[in-house]
Amino acid sequence: MKTEDKTASQKPLSYGRQWIDEDDITAVVEVLRSDLLTQGPIVAEFEQVLANYCGAKYAVAVNSGTSALHIAALAAGVKKGDVGITSPITFVASANCIAYCGGTPRFADINPNTVNIDVDALEEVCAQYEPKIIVPVDFAGQPADLPQIKRIAEKYGAMVIEDAAHSLGASYSDDGIEYKAASCLHSDMAILSFHPVKLITTGEGGAVTTNDENIYQTLLELRSHGIAKSQDKLIRNEGAWWYEQQTLGFNYRITDIQCALGLSQMKKLDSFVERRRELVKIYEEVFADLSEDVSFLLEANDKKSAYHLLVAMFSGGPERRKRVLDYLRTQNIWTQVHYIPVHFQPWYQENFGYRRGNFPNAENYYEGCLSLPLFPAMNDSDVERVAVAIREALQ
Ligand SMILES: Cc1ncc(COP(=O)(O)O)c(C=O)c1O
């Protein structure tokens, strides 16, 4: 393996990166020059565009995907002692939302072909724990098996919160009909994230989508301190200044500044996804002769992935994967492991007794996975550069 350090001469390539252009900057500056920086009209406009795009009735925008998960779990009624089930291969936030509400996070192992929650494993865990919620994660941008998950959830009386943090712009089909991720046609709610590495960005930000009006009203209240939103819900009304906090909520509000960026980004979402998909094709071509060493996590026939991540799986065990990651860093190429299984986290082991060995498919996947650079502003030649560096690392 060559060890020369080209860091200074090569631009950094990270596994994900935002695209910001002059239109985005103009949109943000316009809000900065206006009267309302937050709680103005742009938040509702962004919500409308999000809901329309996903094909859901309602969207509630908040200050992060994590906040979205928290209020979604609360709106689903998760309380102390309740169980919620998610995938062990996800960011910790998908499981933490259950714990925030006093519930117990449980996991169903992944399907190794899709790295999404395995429906048979899910059914078994549901039978054992009778969960209040199921949080399937659309891992790397590919929707989970939502129609099947919805059927399992109905059987066990659970609500489904689709974690669509990776999948804005993705779709799946069922019985020949195509559904958008976060449309909530096979879930009660879906959450989105607008962190800069995601499909679009608002800096930090997130949203919950739903088709249920009661849930929508609850989400609005939880976002803003638990203060009742509509006049007709007030217990009393002493005048124009009057407001009532009727439940315990939070300040999870997003600003108009952020939503102006979000609106501008939404205009480019489809082209972002198309460029990601083009780059994946180029990766496949350039890596074709390395198929014994590296394979990519690709989409299933009935799914269209938004490719938030391009996950490469390296054969030869975790030491080899580590060598590749370390070498790529010397070349200014910043890959990442998505994800350390949540049940490996010390807090999960201390509080819920999880151990290594609990979810073998997740653990096996973890040992070889590496997310390679994939973002719309990448050039075709950047893929070439990653391939050259990986070939060097594997020598
Ligand atoms: C699957 C998944 N869910 C939820 C989140 C939380 O989103 P945020 O970072 O916007 O809080 C993330 C963020 O990385 C994620 O990857």
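When a ligand or atom number is given, it counts from 1 through the structure's own listing order. Worth knowing before you read on, the calculation uses all heavy atoms, side chains too, and leaves out hydrogens, waters and symmetry mates. Numbering starts at 1 and runs along the sequence shown. None of these values were measured; they are calculated from a predicted model.
Distances below 4.0 Å separate heavy atoms of Leu69 from the following atoms of ligand 1: 4 (C). For ligand 1, the atoms lying closer than 4.0 Å to a non-hydrogen atom of Ser193 are 7 (O), 8 (P), 10 (O). Counting atoms of ligand 1 from 1 in the listed order, those under 4.0 Å from a heavy atom of Lys198 are 12 (C), 13 (C), 14 (O), 16 (O). Distances below 4.0 Å separate heavy atoms of Gly205 from the following atoms of ligand 1: 10 (O).
By the 3.5 Å distance cut-off applied to N or O atoms, Tyr339 is counted among the residues near ligand 1.
Using a 4.0 Å cut-off between heavy atoms, Val197 makes no contact with ligand 1 at all.
The distance from atom CD1 of Ile340 to atom CD of Gln345, rounded to the nearest 0.5 Å, is 5.5 Å.
Glu299 pairs in a salt bridge (Lys or Arg N to Asp or Glu O under 4.0 Å) with only one of the listed residues (Lys281, Arg276, Arg277), which is Arg277.
If you check the side chains of Trp242 and Glu244, you find a donor sitting under 3.5 Å from an acceptor.
Between Thr202, Ile191, Asp163, it is Asp163 that holds the heavy atom closest to atom 3 (N) of ligand 1.
Taking the charged nitrogens against the carboxylate oxygens, Glu238 and Arg236 do have a contact shorter than 4.0 Å, which makes a salt bridge.
Between Tyr179 and Tyr172, the ring planes are parallel. Angles under 30° get that label, and only those over 60° would be called perpendicular.
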